[in-house]
Amino acid sequence: MTEPAPDSGRKAMSSLQVVAAAVAVVVVAFIVLLATRDVQVNQPSLALVGQNVPQFSGTSYDGKTFDMNSVLLANRELTQADQTWTVINFFASWCGPCRLEHGDLTRLDTEGAACPTRLVGVTITDSAENVEAFFEDLGGEWPVLVGDTSGTVIDFSVLAPPETIVVAPSGLVVAKFIGAVTYERLVEVISC
Amino acid sequence: MLSASKSRTMSWVLMALVFVAALGYGATADRGPRSDQERAAALSSSIACPQCTGQPVSESNAPIAETIRTQIKQQVDAGLTDQQIVQVYVDRYGEWVDLNPSRSGLTGVVWIAPFLVIGVAIGALALAFSRWRGPAETQRATAADAALVQSAQEDRPGEPS
């Protein structure tokens with residue numbers, strides 16, 4: 001009988017299988033590692049709380065101007081009892097929850113809190129006319145910044161209206177509320 | 001003339017050269033200066049809309065997406081680099097808004113993974129091809145074979161041996 005041919009065929013096939021198996025193991029490990037990683041997606045960023053409030057300024061729908069820095073500088077000249085807290089409400093006239101919380105904000109504006117508090121609104125993709133109509137309809141006397149507010153909106157990591165930020169007289173951000181707020185929740189964080 | 005195996009090697013080398021040249025050209029050809037509009041559009045496609053599920057701001061009608069698109073245009077006009085602009089949004093919203101996977105850490109592997117896969121595939125194919133061609137099978141007749149043939153020839157008289 002002829003000698004059987006050298007066994008290279010079978011050896012090469014098994015090394016191919018080894019390569020395929022190794023690749024499969026690596027791919028599966030890769031998939032498992034990536035799938036189980038903790039990725040924060042679409043979560044509102046609360047990183048601002050505990051930091052200094054970003055500087056911002058603008059013009060209200062009724063023509064008045066507002067500048068955050070001026071408020072903080074003025075606070076430095078005042079006694080602690082007179083220093084004002086600032087509540088920044090990111091808002092839009094087309095936003096449903098904004099209508100829901102408007103009563104609570106109006107109550108804060110008129111009744112106040114334990115400490116002097118000023119309210120300022122910042123619109124997101126809205127127009128002065130709509131804001132004016134909204135406030136005529138539902139009341140409220142605080143300045144609402146209109147125009148190009150994109151820088152401010154991004155600086156405060158806002159996802160969508162309504163979001164409300166409470167700033168202490170020193171400029172420290174003490175709370176960020178995502179969604180409609182209530183009067184009770186706001187006064188709870190304002191203490192002097 | 002070249003021998004068969006030499007010309008085979010030559011064709012592989014030639015093919016590799018063409019492959020590398022084409023890859024190089026394709027990767028560097030359209031590196032001309034991009035207009036501001038192109039830059040803004042490219043950046044808008046690489047920043048996720050924070051409020052949406054995985055869509056870039058270029059594809060979303062959400063107000064925050066519109067706001068970010070406006071700001072990207074302003075930043076491009078103001079002369080910020082692409083990296084600076086992306087960093088603004090990563091700082092405000094988190095690493096996840098950058099739709100290009102980060103280049104460091106475990107996710108960085110995805111950038112070279114295609115090349116690794118191609119390399120492994122080529123290696124595996126080369127291994128498979130070598131198996132099919134097989135080493136030249138030179139069967140050598142053994143002494144027992146020669147004896148068998150001899151006896152068969154003797155059994156058949158009249159046949160030329």
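Convention: sequence-line order gives letters A, B, ...; per-chain numbering from 1.
A:V173 and A:V187 fall into different hydrophobic clusters, defined by Ile, Leu, Val, Met, Phe, Trp and Tyr side-chain heavy atoms under 4.5 Å apart, directly or through other members. Follow the hydrophobic side-chain contacts under 4.5 Å out from B:I47 and you reach A:F156 in the same cluster.
Proximity to chain B is limited to the side chain of A:V23, based on heavy atoms less than 4.5 angstrom apart. With a 4.5 Å cut-off on non-hydrogen atoms, B:Q51 touches chain A through its backbone and its side chain both.
Ranked by heavy-atom pairs shorter than 4.5 Å toward chain B, the options A:D126, A:L48, A:D155, A:I154 are led by A:I154.
Looking at heavy atoms from C-beta onward, A:W94 lies in side-chain contact with B:P63 at the 4.5 angstrom threshold. At a threshold of 4.5 Å between non-hydrogen side-chain atoms, the residues A:S150 and B:Q74 count as touching.
The neighbour count for A:E184 CD, taken as heavy atoms of other residues, nucleotides or ligands under 6.0 Å away, is above 12. Atom CD of A:Q51 sits in a crowded spot, with more than 12 heavy atoms from other residues, nucleotides or ligands closer than 6.0 Å. Atom CD of A:Q80 has 12 or fewer heavy atoms from other residues, nucleotides or ligands within 6.0 Å. Around CG of B:N61, the count of heavy atoms belonging to other residues, nucleotides or ligands within 6.0 Å does not exceed 12.
Between B:R92 and A:S157, the shortest heavy-atom distance links the atoms O-OG, 2.6 Å.
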Using the rule given for side chain to side chain contact (heavy atoms under 4.5 Å, CB included), can you reason through A:L159 versus B:I64, listing the C-alpha separation, both sets of side-chain angles and the distance that settles it, and then say yes or no? CA-CA 6 Å; A:L159 287 190; B:I64 192 67; 5.6 Å; no
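Taking CG of A:D148 as the reference point, atom OG1 of B:T70 lies at 7.0 Å (rounded to 0.5 Å).
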